[in-house]
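Note sheet for the following structure.
No experiment lies behind these values; they were computed from the predicted model shown. Residue numbering restarts at 1 for every chain, and letters A, B, ... go by the order of the sequence lines.
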Amino acid sequence: MRVSQFPISTLREVPADAEVISHQLMMRAGLIRKVAAGLYTWMPYGVRVLRKVEAIVREEMNRAGAVEIFMPSVQPGELWQESGRWVQYGPELLRFKDRHEREFCYGPTHEEIITDLARRELSSYRQLPINFYQIQTKFRDEVRPRFGVMRSREFIMKDAYSFHLTQASLQQTYDAMYEAYVRIFTRLGLDFRPVAADNGSIGGSGSHEFHVLAASGEDDIAFSDRSDYAANIEMAEALAPVGERAAPTEAMHLVDTPDTKTIQALVDNFGLPVEKTIKTLIVAASDQVDADFVALLVRGDHELNEIKAEKQPEVAAPLCFATEAEIRAAIGAGPGSLGPVNLPLPVIVDRAVAVMSDFGAGANREAKHYFGINWERDLPLPRVADLRNVKPGDPSPDGQGSLSIVRGIEVGHVFQLGRKYSEAMNANVLDENGKAQAMLMGCYGIGVTRVVAAAIEQNHDDSGILWPPAMAPFQVVIAPLNLKKSSAVQQQAEALYQQLLARGVEVLLDDRDLRPGVMFADQELLGIPHRVVVSERGLQAGELEYKARSGGDAVKVVVDEIESFLREKLA
RNA sequence: CGGGGCGUAGCGCAGUUUGGUAGCGCACCACAAUGGGGUUGUGGGGGUCGGAGGUUCAAAUCCUCUCGCCCCGACCA
């Protein structure tokens, strides 16, 4: 393409509302323009990048045996009523009515549509397994869209749905999708990790997220330094500490602790090691227990894991923290003075808490704490469970090495759905005995638009974007200097352009006749991997100049050798 | 959803406290010079000051309502 016909629309200044680097660079490089909160127009260069990602996703999906279809983005509410999600989904689901007052929604995902398709099209186990996919625009009315296309409301997603008679078959396709995802993100040139994720009620290895590692990620990923164990922090098990609880050495005593409402204050004011303190969190109880609230105890330096907490039978789901007023009404003391001694509520303690001795905690009386508390001597040990988030340095749950925690951007998710939708919507096939069976389903998503942002988060420098070659909008840019005044430059630039085009190279000819500084700055901001400068000065020596976006010095290449030189670089 | 902030030219911002009829930089248009890292000069075009209502001789500025956008929080008792 020629820039004169394929306009570059760069911005010199950063738009005020762009916070993360990928959003800033996508705006500055003219890849996207904002239309409204969480809604973007993709500009010419941005679209080229998107198509690159889509092409790789398509190739690998096809290679893995998936079949492409294309479903509507607008979906009838009726199907969502049937699956039960019309009620469940909440305000993230954008709903509206057509002129006949029928209810519709803009699809945030397509389980209902695909399950409806499957029950119409699939009637025999002989048609299974099958894996349908599409690349579609979705809409989720996010509470807080942010970070540009990283968390936008409208986005492009590749979603696949597989159908099976048996768990073994589902597992096989699941594994194939897992492998396909590894290939896709590897080909895209991203630094990523598949991580075990929360998979709700389905057990086993039923769910993995694929995360691109980047500091701006919204998820915490725990991974082992000695094995390939990796898990979303929501999922990572905090093992019980090794060794027995130490024997008590002090008597339990009541201490006046005015103005001591936080763990930090307890540590600062009384010199108590933080590992000897306890946080007492009060949450709503489920109807399985005869109380309104349940107390959850974690060590002072640990964090409660809400997913783990929610899975406790005594705890109401979704997790709901008691208000200060509720705490005072139930216990007679406020937050900051709570503890397990004389607590009139069911209690669950974290594994780490269970092995503590001589510890301090609130006395359930204003401005008083007990120090020197010991389980089984001063009070019985309540039920023990894994309640906390793992921290860096914790032993890996697979027994190998210790955990590090990094931030990740979720770009893919593979998930075994089981029969949730097929049962709700009667998607059955006949098995070899002629008996109707609800199909097992898997679903597999990739956030195509988010992949673009994640790639930039991971690949940029002070001048702009550094595309992995597989995603770059163009491979080579020709930068002619003083184009309008030098017919030699003009002819050589044009000749090289035609030559590369004929070779099928994705080449951009910057025919804007700008000053070199401006031109170079734009090209670098856009992140085109290879640059060839055509100048009067160089041509007099019979040379062109090559420079890689990724770094290194510019090198002179004699005109006749440029094509083979580039071929080597592009290989 | 709770808290905070911001809406003035395409972008980034000043002007609002103390009311007097809108400005700067970049971008854009024209001409000229310059021509290897965002060059320079001259001359231009562009704004219902988010919207509605009110106060006033007079409102970007004060008041009320409204819309939009952004940030933080929504475990740490």
For the C1' atoms, the ones on B:rU8 and on B:rG68, what distance do you get once it is rounded to whole angstrom?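 Looking at atom C1' only, B:rU8 and B:rG68 are 15 Å apart.
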
Give a yes/no answer on whether the side chain of A:Lys34 brings an N or O atom under 4.0 Å of OP1 or OP2 in B:rC70.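 For A:Lys34, the contact criterion (side-chain N or O under 4.0 Å from OP1 or OP2 of B:rC70) is met.
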
Would the base of [N] count as contacting [X] through its side chain, where contact means a donor and an acceptor less than 3.5 Å apart?
X        : N      : answer
A:Glu303 : B:rC76 : yes
A:Arg531 : B:rG37 : yes
A:Glu536 : B:rG35 : no

5' priority, RNA chain B, between A:Gly538 and A:Asn389 [closest heavy atom]: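 By nearest-heavy-atom nucleotide position, the 5'-most residue is A:Gly538.
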
[X] ring center near [Y] ring center (under 6.0 Å):
X        : Y        : result
A:Tyr229 : A:Phe223 : no
A:Phe371 : A:Phe270 : yes
A:Phe474 : A:Tyr45  : yes

Rounded to whole Å, how long is the line connecting atom [atom1] of [X] with atom [atom2] of [N]?
X        : N      : atom1 : atom2 : value
A:Glu310 : B:rC75 : CD    : P     : 12 Å
A:Arg12  : B:rC11 : CZ    : P     : 17 Å
A:His302 : B:rC75 : NE2   : P     : 19 Å
A:Arg299 : B:rA77 : CZ    : P     : 17 Å
A:Lys485 : B:rG36 : NZ    : P     : 11 Å

A:Gln24 and A:Met27, any side-chain heavy atoms less than 4.5 Å apart: no

Find the partner of B:rU17: check Watson-Crick (N1-N3 plus N6-O4 or O6-N4) and G-U wobble (N1-O2, O6-N3) distances, both under 3.5 Å, and reply none if neither fits.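 Its partner: none found.
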
Could you please name the option among B:rC71, B:rG36, B:rG38 that lies closest to any side-chain atom of A:Ala521?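 Side chain of A:Ala521 sits closest to B:rG38.
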
